[in-house]
Amino acid sequence: MPMDKTFDAAAAEARIAAAWEASDAFAAGANAKPGAPAFSVLIPPPNVTGSLHIGHALNNTLQDILVRWHRMRGFDTLWQPGQDHAGIATQMVVERKLAAEGKPARKDWDRKAFTDEIWTWKAESGGTITEQLKRLGASCDWSRNAFTMSGAPGAPAGEEGNFHDAVIRVFVDLYDKGLIYRGKRLVNWDPRFETAISDLEVENREVDGHMWHFKYPLAGGATYEYVERDADGRITLRETRDYISIATTRPETMLGDGAVAVHPSDARYAPIVGQLCEIPVGPCDQRRLIPIIIDEYPDPGFGSGAVKITGAHDFNDYGVAMRNGIPLYALMDGRARMREDGLSYAESAAIATRAARGEDVGDVSAVNLVPEDLRGLDRLDARRRVVEAITAEGLAVTVLHREIEPETGAEHLENRPLVEAKKIMQPFGDRSGVVIEPMLTDQWFVDTARIVQPAIDAVRDGRTRILPEQHEKVYFHWLENIEPWTISRQLWWGHQIPVWYGLDLHSPPGFADDEGDGALDAVELFALLAEGLVDAGERHHAAAHFADVAEAFRDDIAGLPQPLEISRIVEVADRAAAVDALAASLADYTLTQDPTHLVYPVWRDPDVLDTWFSSGLWPIGTLGWPEDTPELRKYFPTSTLVTGFDIIFFWVARMMMMQLAVVGDVPFRTVYVHGLVRDEKGAKMSKSKGNVIDPLDLIDAYGADPLRFTLTSMAAMGRDPKLGPKHVEANRNFVTKIWNATRFAEMNGVFAAPAGQPAAQPAAQPAPTHTVNRWIMGEVARARLAVDEALGAYRFNEAAAVLYGFVWGKVCDWYVEFAKPLFDGAHADETRQTMRWVIEQSVTLLHPIMPFVTEEIWALTGQRARMLVHGDWPAYGAELIDADADRQMNWVIGLIEAVRSARAQMGVPAGARLDLIVTEADDAARAALAANGALIERLARVTPPVSGAAAAGTIAVAVPGASFALPIGDVIDVAAESARLKKAADKGARDAAGLRGRLGNARFVESADPEVIEDTRAKLADLDEEIARLNAALAQLAAM
RNA sequence: GGGCGGUUAGCUCAGCGGUAGAGCACUACGUUGACAUCGUAGUGGCCACUGGUUCGAUCCCAGUACCGCCCA
């Protein structure tokens, strides 16, 4: 059955993928040799809401190459697939879906119902990317597909897994070790999703902003001499001021200022350090005063050199405030609107003023310094109002604006507020796209500084290798400057934090065991009821299960006065419910005096863990930890992680830290970092630019193999691939090329079993006698060695280039052509055997990069016991290279090319067959001519070589060891022929002069490598010979 | 501002101590036992610039310019 003219990728890929899947070809350990070492790769889990983009295509192609290569070599191979649950993204997708379906918004659902809705969505749509990866040919063990939320409470059938157990266990473990803590810190707050996010989820973008300049009057009308000097210390400005000038891009935050800071070296403000100044906003009769302090943070050269400190709304200010004991006044709510809760402005301002005078005012969370008329406003509206008010009051710094009236020529001078248009860096949520607000909230943190060192050491001492090495610097830099990691998220979709809180009854305000008798009387109980509960502090415990946490709370309350110490621990929804339940319980007791009714209510933290916290456990979590599974023992630590550089700190560093902290070992031996796929012009692909290339479109248009080959050939270490459809098309042509070479072989009976005997499957390594066959076997061996070397060094592009050059440049361009005449002669059988073997070896070597077309060719060219996915990777090497055959065939190729070139340049019609006259030849040349006459005649389109002399009407061809004359008719263009020869001779002479110069340099001969000198001498000798031949031909031409 | 890359043929990129390669594009010819998604032959490069190391630099080092990315 003849093969089709081209490979039908669309039809074949689906069929082949189904066959792989049906035979469990990708299962862990498939095709492993007995006792083989393990090779394991974890997929960087794509987002469950994700769909395949070109970055995934590159990432997974490279993983697949490594995995298929190892599997064929008989390693015990696992490629572990899965997805992460992507807290914010998934919640967003489902909220959008509900809105589209006209269903209520999330806040109108209860938590369980909403997460059920997410699970339903996941069952319907969560497998998208898996199916897309299969189209790419990814040979993951899909039966082991993992999910970072598997096994969570509420997970439906089919999502049993135990990832949840691993996550909770690690949290509790780190908590018990004191590596996780809760604290009120400034975090990045996403006002759209109303959750904290980590600094890595923030994207800083430069936007157009404004810088306002305002005057903060000194308290009590104090004045000072403000002196500015130039670089030489000469005074450029001296004036008496009663204010300090402040620049800000966010005037609305002035309401929360706690101080004004100047640099200790700044002489301009030295006279007023320690004094108080007034914030020029808020009701005039309740203006707040704040201290002028010194700190290293302000840059004296920037703006006025004085910085307002709003510790609750800016990360730099937060640092200053912490260093100097400045209170942090929160101004905004979770939606980034001006607060409406807490104390009145008057009460708040009074407290803040006391604080400014140095009094300890304690917790200021109820202090709301937003004036009543601004409460509830959006932050931008508040900004506008603040600016207007200050300007109206004349406290904006102004510049003199001069205007000439065009008609009268009259000059108008006007003071206008100084507002600079300025590019400012603004933080945006990478998911929500809204401006991130630094927000003071209670969050959970991993104390990364305490677990970071093992992760640094592991890379320093080489237990884990990062390639290309330049990325190690990024890794070290990030880890050496690591910040605490905010791991709590105010979401519903995720692993709920396993921490429960209870009211602290040990020392609630207003409660006292007055008699000190260790028991509560009615009076004391009422005091507790009336005053103690609402303001009580909290205690918390972490444990995997409520039962364990209840145990901890029981220990906790054991020290309480009786009868409270025997309260039953019960779980309630939240703090308010706990207060109610405890109050009811106490009230009941005062009536019944029955202590068995007493309860101690606790409630669970409503927040969930950052998705990356669970993704950080991907290496052990996917292998069954905390169970001690055979997979964990066999495949951990994993061999290689393939990932993009954008994720080094997001994920790689965290996995390193967490695995080392939890199981004491590195998660992977090698991290290979690839680039970011860009468009043809090198621009980052983005939806807004509209230059996104969809890998599935490319697969539809050209097939998966060409896309894979293209991405591979561009995966040069440390470089970003730039991809366009042109490249994929070129490699589709490569697929067609090898397809047609196979088709040619098939048409010539290469795959037919020799008469009377069954074909060995796969083809045995042949032992041919003909030079052509011996030569190509050496080329196959070279290709195999080069591919293994390249893949072993993660030089994917080199592997692709080697294979392209070998298959197209050697097999198709030369071997197939050489073989044509051999099919008729004495070497027909061995040529068929050799060609069959060559094609089998070619598709074997190509299979990791182009699995579909190679599998198809494999199936079409024999009765196969095993699919190519489980084919044997070859091990032969240099022993197959026959130096004589190599030399001879390269000489033949050189001759054919020289003849073709001469013919083309002299305008000989391509179809014309010329006589080939040997005017001079040494023994080697004569032998090569004799052995390969048929090939030369055919490919150079000449008659069998005969000895003779150059004559009028011949053109000359010179090769090492021989000269030829080719009669091209009665008249030749002598000028053209001599120009052609002269050009070649001149180039030769130039090159020879260079080489001679080098060899003539005594220092070169002294210091260069002997091999290099020998090579140079040989090259020069060849060149000299060629020049001599060309010159001889020129002389003859001139003589005729 | 700090860090990391890049600058090689018209374009996209390899190469990285011994005077340059591929694909695409371009030119001419061509249906020669598979392939026009092809073949043959060509055109095209002071390897950004300036110094240095070296017998020798596209390659190593330093600096300059421009471009990109990351972090402030």
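The chains referred to below are lettered A, B, ... by the order of the sequence lines, with proteins before strands, and numbering in each begins at 1.
- Rounded to whole Å, the C1' atom of B:A41 lies 28 Å from the corresponding atom of B:C46.
- Evaluation of atom-type donor-acceptor distances gives a pair under 3.5 Å for the side chain of A:D824 against the base of B:G33.
- Within the 4.0 angstrom heavy-atom criterion, base atoms lie near A:P821.
- Applying the Watson-Crick and G-U wobble criteria (two distances, each under 3.5 Å), B:G30 pairs with B:C38.
- Side-chain N/O atoms of A:K1019 include one lying less than 4.0 angstrom from OP1 or OP2 on B:U19.
- Relative to the ring axis of A:Y804, A:K737 does not place its NZ or CZ within 45° and under 6.0 Å from the centre.
- Remark: A:W478 is not in phosphate contact with B:C4, judged by side-chain N or O atoms under 4.0 Å from OP1 or OP2.
- The residue A:Y804 sits close only to the backbone: its heavy atoms come under 4.0 Å of sugar-phosphate atoms, none of a base.
- Across all strands shown, A:K987 has no heavy atoms under 4.0 Å from either base or sugar-phosphate atoms.
- Note on A:E897: only backbone sugar-phosphate atoms sit closer than 4.0 angstrom, heavy atoms only; bases stay farther off.
- Comparing B:G30, B:C24, B:G18 against the side chain of A:A910 picks out B:G30 as the nearest.
- As judged by a 4.0 angstrom heavy-atom cut-off over every strand, A:A730 is placed among residues touching the sugar-phosphate backbone only.
- Judged by atom type and distance alone, A:R941 does not reach the base of B:U32 through any side-chain donor-acceptor pair under 3.5 Å.
- Look at A:R938 and you'll find a side-chain N or O under 4.0 angstrom from OP1 or OP2 of B:G33.
- Panel note: side chain A:N797, backbone A:S713; no donor-acceptor pair is recorded below 3.5 Å.
- Judged by a 6.0 Å distance limit and a 45° cone about the ring axis, A:R460 is positioned over the six-membered ring of A:F476.
- One finds no side-chain N or O of A:K473 lying less than 4.0 angstrom from the OP1 or OP2 phosphate oxygen of B:G2.
- Between A:S901 and B:G42, a side-chain N or O to OP1/OP2 separation shorter than 4.0 Å is present.
- The two residues A:A992 and A:I1027 have their closest heavy-atom pair at CB-CD1, 3.9 Å.
- The nearest whole Å value for the distance from the CD atom in A:Q426 to the C1' atom in B:C71 is 18 Å.
- OP1 or OP2 of B:G39 lies within a sub-4.0 Å distance of a side-chain N or O belonging to A:K737.
- Remark: the A:Q905 side chain and the B:A28 base include no donor-acceptor N/O pair separated by less than 3.5 Å.
- The backbone N or O of A:I849 sits less than 3.5 Å from a side-chain atom of A:R708, completing a donor-acceptor pair.
- At least one side-chain nitrogen or oxygen of A:K5 sits closer than 4.0 Å to the OP1 or OP2 atom of B:A36.
- Looking at A:R996 and A:D1024, a side-chain N of the basic residue comes within less than 4.0 Å of a carboxylate O on the acidic one, giving a salt bridge.
- Closest to the side chain of A:K820, from the set B:A34, B:U37, B:G23, is B:A34.
- Across all strands, A:E817 comes closer than 4.0 Å to base atoms (heavy-atom distances).
- In this model, the phosphate group of B:C38 is not approached by any side-chain N or O of A:N740 to a distance below 4.0 Å at OP1 or OP2.
- Distances shown here put a side-chain N or O of A:R998 below 4.0 Å from the OP1 or OP2 atom of B:U19.
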